[in-house]
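Reminder, nothing fancy here: chain letters follow the sequence lines and each chain counts from 1.
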2 protein chains.
Amino acid sequence: MTLGVASAGRRVAPTIRQVAALAGVSRATASRAINGGHLVSPQARAAVEAAVAELGFTPNPVARSLATRRTGSVALVLPEPNTRVLTDPFFASTINGMARALEHTDLQLVLLIARQDGWSTRTVRYLTTGHVDGAVVASHHRDDRLNRELVESGLPCVFIGRPLDVPATARYVDTDNDHAAQLATEHLIGLGRTRIGTIAGPADMSAAIDRLSGWRAAMGAAGLAQDAVELADFTVEGGGAAMARLIEAHPDLDAVFVASDLMASGAVGELSDRGVRVPEDVAVFGFDDLGVATTTTPALSTMGQPIEDMATRAGQILHALLAGEEVEEISVMFPARLVLRESA
Amino acid sequence: MTLGVASAGRRVAPTIRQVAALAGVSRATASRAINGGHLVSPQARAAVEAAVAELGFTPNPVARSLATRRTGSVALVLPEPNTRVLTDPFFASTINGMARALEHTDLQLVLLIARQDGWSTRTVRYLTTGHVDGAVVASHHRDDRLNRELVESGLPCVFIGRPLDVPATARYVDTDNDHAAQLATEHLIGLGRTRIGTIAGPADMSAAIDRLSGWRAAMGAAGLAQDAVELADFTVEGGGAAMARLIEAHPDLDAVFVASDLMASGAVGELSDRGVRVPEDVAVFGFDDLGVATTTTPALSTMGQPIEDMATRAGQILHALLAGEEVEEISVMFPARLVLRESA
DNA sequence: TTGTACGCGTTATCAG
DNA sequence: CTGATAACGCGTACAA
């Protein structure tokens, strides 16, 4: 090995000039031999490869980026003001799915967590100034300028979940939340429950809006009252508190559709603390089918949503976009499915 | 705004040359005015700032990296062959902690999940070829060449958890797993339990090794038998299976120290499936105090480990290292604390 | 097929 | 304080 050693003990990487010199060719030929190897004679190519091996040459990614105007990395943006972003397994699945999509590509995953409210501008700037080639964005709040600015900047991006306040050209993957919520509620109705409440998500998020609307549709169709509604913030604690409010305002409740498993787990805990039996007294139905659904007692019946697959698909679409492939669909919808356990 | 527009509709960013031209100064002066502003006359500086504002100039990060030999990003490496890396809340907390540490710095977080076994070489190459300025590495397996190669490459890095097979100069943050496990086991002994088993983690991971050794120390000191040992893989399922093996081999068991909450939750589930009462028949003690600890029935008594804080500290140390600050400590130990709930 | 030469956008050096 | 000019390392028209 002829690796040089700098003062700090840090290896100093060989450049393509040294490779070219050692191989007895020009830098251009060395470069061609390294990238693809087209238009290079076999002997030149062999010489370059030998030199590369001997020197342990690796192209400097930064220099390459400067020349190609590509960074080779994409961002996964999680715009959550919440301090505890990742305690929500939804994000874990999202990250996992993206990582899987990028696994066999030459794209690197850069994680962007935009916790603070004012950060969307900083995030947008980061994304639109050449740090990354594209972005996947999850979790959308209305009035968050992030999404629109991103789309308008022209940066290739794909959303997980239908984005709000965005040009219709924005690509996204999603489940039909409205329909899924409807199915869930109909299941509760089919169980013979008639006093069915709901714990919805934040009023400024598309998934929450759509699920509440699905619940309303089913309740309306069955001629049932739609007054037992409480909003919460997609957390366990929030779900518990909402359940408390709900049961106190409507003591005759016999079922509740909750817009996420995390909140449902809080709701189940609250009910059990109050000595209310699940599902005998009150049936509880969740959404997501994340790990929590099986750890509660009783285990949650829920609408299963293939979050990881959705994130993977988003990553693949972005990859295709960056590869210059034509992607026809604007939106890709994933099916949700009824997962029946003990709670409803 | 004088932003040009390329054919694809993607804005073409202004360069520092345009700024310099508009401000009537040289590129060098413009650069100085933009970075810090030292050694620049007030009027030149004002002219440059005006030009920057008018053009909406943002320095090209790639070009800057090439010149400064710094990327402005650091990696968080999760070397988990497991397909379900992020279903483990341990990693969620780690990511969260790192993100928090980097929140108010100019460093970007790059997430590296090295799932496949053979990937450590690819990961090492990525890390040592200038993609990032430094790395924080979590979850260490013996015989994984990753850690040693990383340290030997001279890349600034900090480990979360004591790394194995690595030069003694490697920096890390950790809890005293040995001592913590000892305390936990002593608690079980103090409860009057005498037939205490343990579900340990993988034999090739430092945290697992240390916790098992702590259990042994406490058992030995109390003169109790150390034969009820089963290994598992830090997953819920693995914990359940290990519990099954343990209880069948040792039906007289009256307590078990489990090396992680995730495994403990599996163990509790398995016991409950078998009609074994927790803690009346068998007390269960966990480790980590992650969210799962409170969702099981009964809730887990556990050794609390401030994982997020540890990750934050690791990120801060790395940041200090990159800023050229002298960091004295090689290892930073965090205290674990006894968290008593219903299971023991 | 090969080499020359330029461009990528900044920062660093070093005279002035 | 300022301005040429040289790195930084690589890709790639263009000409040979």
Side-chain angles (χ1 to χ4, degrees), chain A residues 3-4 6 10-49 51-52 55-72 106 125 128-131 133, chain B residues 3-4 6 10-49 51-52 55-73 106 128-131 133:
Chain A
L3 289 173
R10 190 80 174 273
R11 287 183 201 143
V12 40
T15 76
I16 202 173
R17 310 176 93 99
Q18 302 175 33
V19 172
L22 184 57
V25 299
S26 72
R27 291 188 359 232
T29 302
S31 175
R32 280 188 289 256
I34 290 164
N35 309 351
H38 300 299
L39 271 40
V40 184
S41 68
Q43 52 266 46
R45 179 174 181 160
V48 171
E49 281 171 355
V52 165
L55 262 38
F57 170 79
T58 323
N60 178 319
V62 178
R64 175 176 276 180
S65 286
L66 186 59
T68 59
R69 306 183 139 281
R70 282 215 152 205
T71 65
D106 46 0
R125 257 217 345 195
T128 56
T129 53
H131 286 87
D133 296 336
Chain B
L3 289 172
R10 191 83 175 272
R11 291 184 197 140
V12 40
T15 77
I16 201 173
R17 311 175 92 99
Q18 302 174 33
V19 172
L22 184 56
V25 299
S26 71
R27 287 178 3 220
T29 302
S31 176
R32 278 189 291 257
I34 290 165
N35 308 352
H38 301 299
L39 270 40
V40 182
S41 69
Q43 53 265 46
R45 178 174 182 162
V48 170
E49 281 172 355
V52 165
L55 263 39
F57 169 79
T58 323
N60 178 321
V62 178
R64 176 176 280 181
S65 286
L66 184 58
T68 59
R69 309 181 137 281
R70 282 213 153 206
T71 65
S73 59
D106 45 2
T128 57
T129 52
H131 285 88
D133 297 336

Please produce a list of atom pairs where a protein N or O lies less than 3.5 Å from an N or O of nucleotides 14-16 of chain D.
none

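- Along DNA chain D, the nucleotide closest to B:P42 and the one closest to B:A63 are compared, and the more 5′ of them pairs with B:P42.
- Put simply, CZ on A:R27 is 15 Å from P on D:dA13, counting in whole angstrom units.
- Side-chain N/O atoms of A:S31 include one lying less than 4.0 angstrom from OP1 or OP2 on D:dG11.
- No engagement by A:V62 is indicated, since no non-hydrogen atom pair under 4.0 Å with the nucleic acid exists.
- The B:T68 side chain lies nearest to C:dT11 when the options are C:dT11, D:dG11, D:dG9.
- For A:T29 and C:dG3, the shortest distance from a side-chain N or O to OP1 or OP2 is below 4.0 Å.
- Side-chain contact between A:N60 and A:T15 is absent, with no heavy-atom pair separated by less than 4.5 Å.
- For the segment residues 17-26 of chain A, no residue has any heavy atom less than 4.0 angstrom from an atom of DNA chain D.
- Following rounding to the nearest Å, B:R70 (CZ) and C:dG9 (C1') show an atom-to-atom distance of 20 Å.
- Rounded to whole Å, the distance from CG on A:N60 to P on D:dG9 is 7 Å.
- Between the OG atom in A:S26 and the CZ atom in A:R17 there is a gap of 11.5 Å [rounded to 0.5 Å].
- Taking only side-chain nitrogens and oxygens, A:S65 never comes nearer than 4.0 Å to OP1 or OP2 of C:dC8.
- In plain terms, the two heavy atoms of A:P61 and B:T129 that are nearest each other are CD-O, 3.0 Å.
- Taking each heavy atom of B:S65 and B:R70 in turn, the nearest pair found is OG-O, 2.8 Å.
- Checked against salt bridge (Lys or Arg N to Asp or Glu O under 4.0 Å), A:R45 has the following partners two or more places apart in sequence or in another chain: A:E49.
- The nearest whole Å value for the distance from the CG atom in B:L55 to the P atom in C:dG9 is 13 Å.
- Between the P atom of C:dG9 and the CG atom of A:L66 lies a distance of 7 Å, rounded to the nearest Å.
- Of all the heavy atoms in B:I16 and B:R27, the pair that sits closest is CD1-O, 4.1 Å.
- Side-chain contact between A:R64 and A:N35 is present, with heavy atoms from C-beta onward closer than 4.5 Å.
- Here the side chains of A:P14 and A:V19 are not in contact, with every heavy-atom distance at 4.5 Å or above.
- Closest heavy-atom contact between B:H131 and B:S73: O-OG, 3.5 Å.
- Atom CD1 in A:I34 sits about 8 Å away from atom P in D:dC10, given to the nearest Å.
- In terms of heavy-atom proximity, B:D133 sits nearest to B:G72 at OD2-N, 2.8 Å.
- Contact check, A:R69 against C:dG9: a side-chain N or O comes under 4.0 Å of OP1 or OP2.
- Toward the 5′ end of DNA chain D lies the nearest nucleotide of B:R45, the other residue of the pair B:R45 and A:T58 mapping further downstream.
- Put simply, CD1 on A:I16 is 8 Å from C1' on D:dG9, counting in whole angstrom units.
- The side chain of A:N35 places an N or O atom within less than 4.0 Å of a non-bridging phosphate oxygen (OP1 or OP2) of D:dG11.
- Residue B:R64 places at least one side-chain N or O under 4.0 Å from the OP1 or OP2 atom of C:dT11.
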